[in-house]
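Values reported hereafter were calculated over all heavy atoms of this structure, with side chains retained and with hydrogens, waters and symmetry mates removed.
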Amino acid sequence: MDKQYISLCSRCGSERIIFKQWTETVGMSEIVCTQKICPNTECQSLVDKDIKQQKEKKDALERKRNERLVAKKKEHDAMMVELKKERKGAAAR
């Protein structure tokens, strides 16, 4: 399947060019991967900067989410310990 797809730059709208192409094997399939970039180097550097900022924001949100989950699990575990103590105390009476 040698069908070429036209990819336009998200910033300036010009047709992107092939920067790097490689093949990967996944299971029994061979996949051709292509990395395309904007031919305008200034535009591409701005796109790269924007992508980096988006990734940093996503990573920060994921870190905060994981921290909230850990805190919630600790709170839940502490509550369960208290509940077990209460049950033991009520059973001893």
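- Between the side chain of R16 and the backbone N or O of C9, no donor-acceptor pair lies under 3.5 Å.
- Put simply, the side chain of M79 does not reach to within 4.5 Å of the side chain of E82, judged on heavy atoms.
- Atoms CG and CD1, from L46 and I51 in turn, are 11.0 Å apart once rounded to the nearest 0.5 Å.
- In this structure, the separation between CG on L83 and CZ on R87 is 4.0 Å, given to the nearest 0.5 Å.
- Taking NE2 from H76 and NZ from K72, the interatomic distance works out to 10.0 Å, rounded to the nearest 0.5 Å.
- Summarising the local packing, CD of E42 is surrounded by 12 or fewer heavy atoms from other residues, nucleotides or ligands at distances under 6.0 Å.
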Determine whether D48 and Q44 satisfy the following criterion, side chain to side chain donor-acceptor pair (under 3.5 Å), listing intermediate values before the conclusion. CA-CA 6 Å; D48 289 340; Q44 184 61 42; 2.9 Å; yes
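- Rounded to the nearest 0.5 angstrom, E62 CD and K55 NZ are separated by 9.0 Å.
- I18 and I37 fall into different hydrophobic clusters, where Ile, Leu, Val, Met, Phe, Trp and Tyr are joined by side-chain heavy atoms under 4.5 Å apart, directly or via other members.
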What do the steps show when you test R65 against L61 for side-chain contact (heavy atoms from CB on, under 4.5 Å), and what is the final call? CA-CA 6 Å; R65 177 182 176 271; L61 288 172; over 6 Å; no
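- The number of heavy-atom neighbours closer than 6.0 Å to CD of Q21, taken from other residues, nucleotides and ligands shown, is above 12.
- The CZ atom of R11 sits 8.0 Å away from atom OG of S45, with the distance rounded to the nearest 0.5 Å.
- Within 6.0 Å of CD1 in I6 there are 12 or fewer heavy atoms belonging to other residues, nucleotides or ligands.
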Would you sort out whether Q54 and K57 count as a side-chain contact (heavy atoms from CB on, under 4.5 Å), showing the intermediate values? CA-CA 5 Å; Q54 289 176 2; K57 183 178 179 180; 5.7 Å; no
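- With rounding to the nearest 0.5 Å, the separation of NZ in K73 from CG in D77 is 4.0 Å.
- For D59 and R63, the salt-bridge test fails: no basic side-chain N is under 4.0 Å from an acidic carboxylate O.
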